[in-house]
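For reference, the structure discussed in these notes is given below.
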Number of protein chains: 2
Amino acid sequence: MHVNKSANNTSSTMTKVGIDAISYYVPALYLSISDLAAARNIEYAKLNKGLGLHRMAVPDADEDAASFAANALLKLINENSLDPKTIGRIYLGTESALDAAKPTSTYAVEAVEAELKEVYGERCFKHCDILDMTFACIGAVDALHNSLDWIRAGKNRKAIVIASDYAKYELNSTGEYTQGAGAVAMLLSESPSLISIGDTWGVASQSVGDFFKPRRLFDKVEVFKSTAALLGTTLTDDEAKNLMEKDTSSFWSDGEAKFNIFKEEPVFDGPYSNECYQDRIKEAFEHFRTQKKVNVLKDWQHLLFHLPYAYQGRRMIVNNWISWLKDNNSINKLYEIIGQPSSQADSEWIRNASKTELYRDFTSQKIELGECASSDIGNMYTASIFMSLLSLLNMAYDKNIHIAGNTIGFFSYGSGSKSKVFEGIVEDNWKSVIKPSKLFEYLHQRQSIDVSTYENLHKRKLKNSVSNQQYISLSNIETTPLKNGYRYYSFHN
Amino acid sequence: MHVNKSANNTSSTMTKVGIDAISYYVPALYLSISDLAAARNIEYAKLNKGLGLHRMAVPDADEDAASFAANALLKLINENSLDPKTIGRIYLGTESALDAAKPTSTYAVEAVEAELKEVYGERCFKHCDILDMTFACIGAVDALHNSLDWIRAGKNRKAIVIASDYAKYELNSTGEYTQGAGAVAMLLSESPSLISIGDTWGVASQSVGDFFKPRRLFDKVEVFKSTAALLGTTLTDDEAKNLMEKDTSSFWSDGEAKFNIFKEEPVFDGPYSNECYQDRIKEAFEHFRTQKKVNVLKDWQHLLFHLPYAYQGRRMIVNNWISWLKDNNSINKLYEIIGQPSSQADSEWIRNASKTELYRDFTSQKIELGECASSDIGNMYTASIFMSLLSLLNMAYDKNIHIAGNTIGFFSYGSGSKSKVFEGIVEDNWKSVIKPSKLFEYLHQRQSIDVSTYENLHKRKLKNSVSNQQYISLSNIETTPLKNGYRYYSFHN
């Protein structure tokens, strides 16, 4: 392997930087996975015991990635009594952007500025640098990475990074039960109270098509002709063109030869995407190790992953765990239980290894606490790894587990594809920061919806919201020509 | 004005960082603005003398923002004999992204890796951090800003920033004559040979809808019914729904209640966008000055702007110029020519000021050299301000103008909206870096197309490319279900 050391050299004297505070927003509605399993004729145990799924967050009719982000941002500011004028940047990682030019972060900030107006006056983020970053599920990790460098490059700088996404898959598809939604917002600063993050970053990239959101192209004349055929009329190309020009709605008559249809649902190949995830994680970890020595079993007390489903991390990391046992000179413990493999690629032996108590101990010690929120929310795309951090911190708080000084290894992944591996240390003051979080208390008081309501929301058939919770939501979409499509947000009562 | 100083404090000991090399890609086809003016019945002088327009770059049938970026990236690597393995990141600013999850930068890198495979082996960017940034026309400035911080945070780091866009407006619209396309790629490093960039950044943001690219929502049942009406059939909602379900193409039958149509062409309000641009630039410049004193007339020898059309900068900066005359104690020179204004908002007096020889001297000294490329290309969105830099450097080189040591003020703007103001210094070695650039030589040897060919390209009616130049281009779009919509690029012969 050719490793590029020079491109990632780090300077020796570094200010401690990291996450000073963290908030979240998860939609008030959820669908029980047991209800979904029943409706789809899938064995519930396969989803629950197999993948760790329990409940799935469902966005209401008036929610989107901008409203999730706005709610998480407002909560972060209010819970921590932040002065918005001290925030130098708000960077959003999302793959659920609402516009191809105007950043979704600006819609979120516009909504929050309106809420803060009474206290801080107009435009409290007037000199704040606002931006969207896009790389599937890793965009918010990129926002974190870049914002930490920005904090290091100055003095007393404060940044907010938001991860916000709506993981929506086709009804009845193999991705349907791994849907989810929500946002996490983090305050970054020097001398952080919650998690300090090191400057060693393992990176691996490869352009692949494991999961993506392309525009769907349709030839207009062909579609018009096939529509006519549905209505019992056969048209020539010229007849179709002539009729299309008579359309007054611009749908057929805008002169373009093709439709570009956008769908929130991705094109994806699940098994291939799993493979890409594993390969990139492995390469990024190797890249990390060329820069900094680490014995994962000894040095990293917790491992957090991008979680498309709750058990993705523990399912995927078995091979790495075996090599970490070797690094730690403790591979013989495993050999004593299941013998040695017949070859390096002995998949049955690897499967046996994953079923040992040794592996269960490893996952329950280092991985499990970070999975719990995912079981109750589902996939949050870019927000998933940060929700996993919230899960670990809330579980440790609720169960009174000592984690101050512990090191966390982060394994992030974005389809398309890129992985980044980095580490953070839990700061002494973490408990007082996480105290108001109450993640699981919130998750358990959400409103359950039935499969039919879920399907109507999914198909965008509902005009009114289902929940009666208070949150920032989409209130209107402009239809006048000069602002056609502009989105307005306000508090939903 | 409430200015946030603490959020932007900069540390005192800084390594010199900036642009070490720069390359571009502009499509091989262009449309003469005089031909367009004749076809649209617009007085040519209004476009040419008034806005500075001469030629407009037109993407060929097989070109897009990924292929532009790939060509600029490959040229940067080849012209500067860069070892790809020393590049730690490739960040792309674009508002012409081709996918909502997979970054357009990954497509560009995939195409370039294929071209470099023979020399550097497979995956020469394996450990490179690749990312898209989105904020209308300022995304690439954000990529520059962030990448400079990343370089400062380490040692011997090298980054590439690409700006790539296709500025496409509706046929016959008021934006049509300001279209354009292309990419600029820049190598960033410590001790740069071309332009060093300071760490003082003036920032101003406000969420507005001056120009954006929303999805266009259409109710499926309504569209189906109105299509039936075009064919002479009146349907009830239920009849429409029943027929839609019979469609086998998924166009009508995917279960969604609405179409999300994507259009490359923006929704915009020209005069309002101009106003937002002026306001943000003014606020960002004020923010810059709270951090660093500057007397623009003395300290900045060149001013570069985001240029939607060539003369946008000189048209928009008149008010600022008047205040800069005051800063420089030379406002009396202007008063001697046109007297004093009746009020601060005396628009006739300001218009008179813009027509004085004093203002013409100012623009010809500080602005004009940066406008020339825009006159020959049109709007390049995110790439526009960097093409303006290339214009200045190439003009100075071609005319043998001494610019080493000169300071450049950059006024960037992205709709939606944000401005950043920053400064750069031309390094002593600039001539040897810019020598192979030959921008204007290239622009003058492009292929002219007629209005009818331009319109067919615009409407996406052409299946084959028009140009016979060699460049990286879109060769295929996948149609198999698991990779439906994946884009393949290769050298076009």
Side-chain angles (χ1 to χ4, degrees), chain A residues 4 6-11 85-86 88 95 99-103 106 110 127-136 142 146 149-150 152-156 203 205 207 209 212-215 223 227-228 230-231 233 243 251 255 257-258 260 262 267 269 287 416 459-461 482-486, chain B residues 4 6-11 85-86 88 95 99-103 106 110 127-136 142 146 149-150 152-156 203 205 207 209 212-215 223 227-228 230-231 233 243 251 255 257-258 260 262 267 269 287 416 459-461 482-486:
Chain A
N4 163 22
S6 66
N8 290 278
N9 282 343
T10 52
S11 64
K85 289 175 173 131
T86 64
E95 55 183 309
D99 193 283
K102 180 178 166 67
T106 58
E110 184 177 349
H127 293 295
C128 186
D129 183 8
I130 293 157
L131 184 64
D132 278 12
M133 290 189 173
T134 313
F135 199 134
D142 293 323
N146 278 275
D149 283 332
W150 176 76
R152 279 198 187 92
K155 275 184 187 157
N156 293 321
V203 179
S205 303
S207 180
F212 55 114
K213 293 188 180 178
R215 292 169 199 130
V223 172
T227 307
L230 283 174
L231 291 156
T233 309
L243 283 168
F251 186 83
K258 290 170 190 165
N260 283 317
F262 171 79
V267 173
D269 178 342
H287 188 232
K459 292 174 178 170
R460 297 190 293 164
K461 286 189 170 171
L482 292 181
K483 269 200 149 182
N484 185 21
Y486 198 83
Chain B
N4 163 21
S6 66
N8 289 279
N9 282 343
T10 53
S11 66
K85 290 176 171 129
T86 63
E95 57 183 307
D99 194 281
K102 182 178 166 66
T106 59
E110 184 177 351
H127 293 295
C128 186
D129 183 8
I130 293 157
L131 184 64
D132 278 12
M133 291 190 174
T134 312
F135 199 133
D142 293 322
N146 278 275
D149 283 332
W150 177 75
R152 279 197 187 92
K155 276 184 186 156
N156 292 321
V203 180
S205 303
S207 180
F212 55 114
K213 293 187 179 179
R215 293 169 198 131
V223 172
T227 307
L230 283 174
L231 291 154
T233 308
L243 283 168
F251 186 82
K258 290 170 191 165
N260 283 317
F262 171 78
V267 173
D269 178 343
H287 189 231
K459 292 174 179 170
R460 297 190 293 164
K461 286 189 169 171
L482 292 181
K483 269 199 151 184
N484 186 21
Y486 198 83

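Model, not experiment: these values are computed from the prediction. Chain naming here is simple, since letters A, B, ... match the order of the sequence lines and numbering starts at 1 in each.
Taking every heavy atom of both residues into account, B:Lys459 and A:Gly255 meet most closely at CG-O, 3.3 Å. Scanning both residues, A:Met133 and B:Leu131, for their nearest heavy atoms gives SD-CD2, 3.7 Å. Listed here is the closest heavy atom pair of A:Arg460 and B:Lys258: NH2-O, 3.1 Å. Closest non-hydrogen pair, B:Ser207 versus A:Thr106, comes out as OG-O, 3.2 Å. Between A:Phe135 and B:Ile130 the shortest heavy-atom distance is CD1-O, 3.0 Å. Closest of all the heavy-atom pairs between A:Asp269 and B:Leu482 is OD2-CD1, 3.6 Å.
Formation of a donor-acceptor pair under 3.5 Å by the B:Arg215 side chain with backbone atoms of A:Phe262 is not found in this model. When atom types are taken as modelled, the side chain of B:Lys102 and the backbone of A:Gly416 share a donor-acceptor pair closer than 3.5 angstrom. Between the side chain of B:Thr134 and the backbone N or O of A:Pro103, no donor-acceptor pair lies under 3.5 Å.
The residue among A:Ala101, A:Gly485, A:Pro214 with the most heavy atom pairs within less than 4.5 Å of chain B is A:Ala101. Top candidate by heavy-atom pairs under 4.5 Å with chain B, chosen from A:Asp129, A:Val267, A:Leu243, is A:Asp129. Comparing B:Thr227, B:Asn260, B:Asp149 by heavy-atom pairs within less than 4.5 Å of chain A, the highest count is held by B:Asn260.
Separating the CG atom in B:Asp99 from the CD atom in A:Glu95 is a distance of 9.5 Å, to the nearest 0.5 Å. The CD atom of A:Glu110 sits 12.5 Å away from atom OG of B:Ser205, with the distance rounded to the nearest 0.5 Å. Expressed to the nearest 0.5 Å, how far CG of A:Asp132 lies from CG of B:Asp132 amounts to 11.0 Å. To the nearest 0.5 Å, atoms CG (A:Asp142) and CG (B:Asn146) are separated by 10.5 Å.
Between B:Phe212 and A:Tyr486, the angle of the ring planes goes over 60°, which puts this pair in the perpendicular group of the 30/60° scheme.
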